[in-house]
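What follows is a single structure, written as structure tokens, with notes after it.
If you're wondering where the values come from, they're calculated on a predicted model, not measured in any experiment. Quick note on labels: first sequence line is chain A, next is B, and so on, each numbered from 1.
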Amino acid sequence: MEMGIISRSKILECSGKKVAIDLETTGLKFWDNKIIGMGIYCPDAEVWGYMPVENYKEIEDLKNLTRQLSPETTVIMHNAKFDCHFLRIQPRELGWTLWDTTVMVHLVDSRVRKALTNAEHIYLGSDSKRGYQEEPPRGKKNKVWEWDLDLTVKYCCNDALVTYDLAEKLYPVLEENLLLPVFVKDMFYLCDLIDVEETGFLVNIPYTHRAHDALRETESKLAEALYDSCGARFNWRSHKQLSNAIYEGLGIARPVNPFADADGVDRSKFADKGKYNSASTSTFLLMEKVKHPLGELIASLRETAKLAKTLERWATLSDENNVVHSSFNLTGTRTGRLSSSKPNLQNVPSSVRGRFTQSVYTGSMERTEEYNLRKAFISRPGKSLLAIDYKQMEMRMFGILSEDPFMLSSLYAGRDIHGDIAEAVWGTRDKVHREWSKTISFGLIYGMTLGTLMYRLNKSKYEAKKITEKYYQTFPRIQPWLLERIAQCEDYLYLRYWSGRIWREEDRDYMYRGANAQIQGGCADILSVAEIRSAKWCRKQGTDHNLLNLVHDELIFEIPDEHLVRSANKLSELMQVPDIFNIPFVTDTKIGKSYGELYPLDSEVIASEQEFSQSELEAFLLASEIASEERRVSQEKVQAQVQAQENN
DNA sequence: ATGCAATGCGCG
DNA sequence: AAAGCGCGCATTGCAT
């Protein structure tokens with residue numbers, strides 16, 4: 001086959017076949033930038049070429065022709081959300097079989113960089129038929145729309161071909177590794193994310209302007225106060241200049257190296273790598289180690305400046321309707337969580353700021369007015385926000401996976417697990433100790449060591465050991481479960497979640513991280529199933545229910561006011577997915593007009609209806625079975641090890 | 001000029 | 001074992 005410029009009507013010849021497509025655009029903003037052409041590769045139809053488009057009419061023609069690909073077509077794209085956005089295509093509605101090769105790569109090995117050239121190098125290597133191997137031009141004509149047409153043709157045609165070959169190579173790999181159920185699930189998820197990104201989140205512009213001006217004013221006052229205290233003007237954003245001003249200029253003692261021995265010499269493994277920086281100006285060191293009033297001032301200054309900058313960022317990312325279209329990336333994490341960027345809607349400062357000392361809770365403060373940045377995100381007129389999150393989701397997942405008796409009994413009784421632990425360990429369940437428990441529980445489950453615990457708690461080794469022992473008594477399955485995860489990983493060089501997803505690790509030294517992966521990623525796959533079912537239900541309402549944001553254990557919807565309460569109850573029930581583990585993931589529901597001001601909604605129980613298909617459920621039960629067989633082997637192995645130790 | 005590492009901090 | 005885990009982003013400062 002020869003590549004070259006072809007007529008757009010060639011698209012139709014690919015209908016019902018397996019076809020790879022690749023768009024070239026003037027940028028990444030689908031709500032603003034334009035398509036400049038499409039590459040297509042379909043060996044079954046002997047179609048391989050590039051279709052440039054130069055005006056509105058041609059772009060619309062391209063979109064229409066692409067939409068005419070029949071439901072029997074398998075459409076392959078590398079990062080499908082991007083192309084679908086520009087083509088205004090929802091693959092679910094067209095009935096296509098969708099293969100996204102970035103997701104294929106991610107499921108095979110989440111550590112691999114997804115860039116097409118990298119995936120090609122790793123999975124196609126010398127077998128690659130790629131003809132165009134030069135780097136794209138740099139410098140003056142470095143944008144695709146500035147290239148000569150013949151270069152664009154070669155480049156785009158080859159991307160389409162490589163995408164096709166990558167899919168052909170990786171599909172059998174997914175099959176061999178029993179990853180097809182989770183792949184199919186992720187393609188459903190991806191289609192929903194297209195809608196989420198297109199809908200976007202409305203920004204309250206008057207608020208952002210007011211807040212921005214107020215923050216910048218406070219920032220300059222705080223900076224002046226800092227300069228006055230130091231008796232010098234400098235760039236406070238520079239760690240070098242700031243540490244010089246406070247440690248040298250004011251003669252404040254540098255923070256003590258917590259890892260140094262009594263003689264002050266750091267004999268830790270990484271002493272020479274400068275991991276511990278005595279010139280550090282982090283808030284923790286300034287406030288807790290240096291214990292100087294300037295610590296508070298610098299912390300406020302940094303927070304104020306960062307919030308102001310964040311507001312500016314949101315403004316530049318908004319479209320002409322003041323809506324931000326964040327990207328929710330399916331392939332952004334090792335564990336299977338989503339990541340969010342441009343803007344990141346998963347790290348918007350919350351309205352309650354915890355005060356932490358080395359991650360240990362010492363109280364909390366409200367962020368109000370211009371400091372409560374979540375107020376910038378609001379529902380559209382006539383609608384309300386509905387935020388549904390899971391209560392103690394990771395602890396629940398730990399209990400389910402490890403079958404820890406304390407966790408499970410607390411689960412079944414519907415008690416507050418962190419309060420229970422605080423009670424067991426400290427004899428009190430007040431807010432501070434409950435938060436301590438929360439932090440330490442996760443630490444221990446994820447393999448925190450005694451040394452780190454005493455450092456974090458600022459307790460003696462004896463006290464830290466006592467607390468640890470209490471924890472291990474409270475959760476008798478923490479230690480065995482951690483060992484089993486490592487044993488399983490040693491055997492397989494991967495861990496498999498309940499969903500069938502694989503987390504790979506070959507280095508024994510890092511296998512302890514698999515415990516976190518299995519919990520964190522297991523929760524992520526629960527959320528994805530909940531999202532798929534919820535979105536399906538929302539579409540069925542036909543009254544403009546939208547999903548706006550996904551934050552690891554939380555979905556944020558936008559619901560017409562008149563349907564709010566009923567939909568809230570229905571969606572929170574759907575999200576509990578009780579059929580997956582025969583235990584509901586209990587949810588917490590909040591409603592409001594802005595992300596910064598949400599109020600609890602007492603849930604009414606509505607009679608259960610099955611909203612999801614039997615085949616969907618069966619796919620997951622299959623994945624679960626695979627996972628449990630691999631788990632059983634490791635359990636027996638650890639039991640044998642423990643038995644052998646006890647016999648000694 | 002451009003890229004990368006280090007630092008710091010927001011979220012779950 | 002500085003070995004609690006997973007992210008994105010702004011900024012500085014040095015290297016290429």
All side-chain contact (heavy atoms from CB on, under 4.5 Å) counterparts of Tyr510(A), not counting sequence neighbours =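 Tyr510(A): side-chain contact (heavy atoms from CB on, under 4.5 Å) contacts with Glu505(A), Asp507(A), Arg513(A).
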[atom1] of [X] versus [atom2] of [N]: gap in Å, rounded?
X: Arg353(A); N: dG10(B); atom1: CZ; atom2: C1'; result: 12 Å
X: Glu312(A); N: dG10(B); atom1: CD; atom2: C1'; result: 17 Å
X: Gln346(A); N: dC9(C); atom1: CD; atom2: C1'; result: 13 Å
X: Leu317(A); N: dC9(C); atom1: CG; atom2: P; result: 9 Å
X: Lys114(A); N: dC7(C); atom1: NZ; atom2: C1'; result: 13 Å
X: Trp236(A); N: dG8(B); atom1: CH2; atom2: P; result: 13 Å
X: Leu550(A); N: dC7(C); atom1: CG; atom2: C1'; result: 15 Å
X: Asn244(A); N: dT7(B); atom1: CG; atom2: C1'; result: 17 Å

Quick one: is [N] close enough that its OP1 or OP2 comes under 4.0 Å of any side-chain N or O from [X]?
X: Thr281(A); N: dT7(B); result: no
X: Thr335(A); N: dG6(C); result: no
X: Tyr510(A); N: dC5(C); result: no

Mind checking whether [X] and [Y] have parallel, tilted or perpendicular rings, split at 30° and 60°?
X: Tyr446(A); Y: Phe442(A); result: parallel
X: Trp481(A); Y: Phe398(A); result: perpendicular
X: His325(A); Y: Phe30(A); result: perpendicular

key: Any side-chain donor near an acceptor of the partner, Ser402(A) and Asp404(A), under 3.5 Å   =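 There is no such pair between these side chains.
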query = Do Thr587(A) and Gln576(A) have a side chain donor and acceptor closer than 3.5 Å?
reply =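 Yes, Gln576(A) and Thr587(A) have a side-chain donor paired with an acceptor closer than 3.5 Å.
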Considering only side-chain heavy atoms of [X], which listed nucleotide, [options], is closest?
X: Asn516(A); options: dC9(C), dC9(B), dG6(C); result: dG6(C)
X: Lys240(A); options: dC5(C), dT7(B), dC14(C); result: dC14(C)
X: Ser238(A); options: dC9(C), dC11(B), dG13(C); result: dG13(C)
X: Pro349(A); options: dG6(C), dC11(B), dT11(C); result: dC11(B)
X: Tyr512(A); options: dC5(C), dC9(C), dG6(C); result: dC5(C)
X: Ser282(A); options: dC9(B), dT7(B), dA10(C); result: dC9(B)
X: Arg367(A); options: dG6(C), dT7(B), dC11(B); result: dC11(B)

For [X], report the nucleic acid contact type (base, sugar-phosphate, nothing); a contact means any heavy atom under 4.0 Å.
X: Arg374(A); answer: sugar-phosphate
X: Arg337(A); answer: base
X: Asn235(A); answer: sugar-phosphate

task = Could you check Arg237(A) against Lys342(A) and say which one's nearest nucleotide on DNA chain C is further toward the 5' end?
result =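 The residue whose closest nucleotide sits nearer the 5' end is Lys342(A).
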query = What about Asn347(A), does its side chain sit under 3.5 Å from the base of dG10(B) through a donor-acceptor pair?
reply =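 Counting by modelled atom types and ignoring angles, a donor-acceptor contact under 3.5 Å is found here.
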key: Inter-end axis angle, the helix from dA1(B)-dT16(C) to dG12(B)-dC5(C), with every axis fitted to five base pairs (rounded, 10 degrees)   =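 Both end axes considered, the difference amounts to 10°.
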ask   = To the nearest 0.5 Å, what is the distance between CZ (Arg111(A)) and CZ (Arg334(A))?
value =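 Rounded to the nearest 0.5 Å, the CZ-CZ separation comes out at 5.5 Å.
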inquiry  = I want to know whether Tyr227(A) and Trp236(A) have ring centres closer than 6.0 Å.
reply    =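 Judged by ring-centre distance (under 6.0 Å), Tyr227(A) and Trp236(A) do not meet the cut-off.
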State which residues pass salt bridge (Lys or Arg N to Asp or Glu O under 4.0 Å) with [X]; sequence neighbours excluded, sorted by chain then number.
X: Glu463(A); result: none
X: Arg113(A); result: none
X: Arg237(A); result: Glu219(A)

Contacting residues from residues 294-310 of chain A, given that a heavy atom lies under 4.0 angstrom of DNA chain C =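 Hits under 4.0 Å, by residue number: Lys306(A), Lys309(A).
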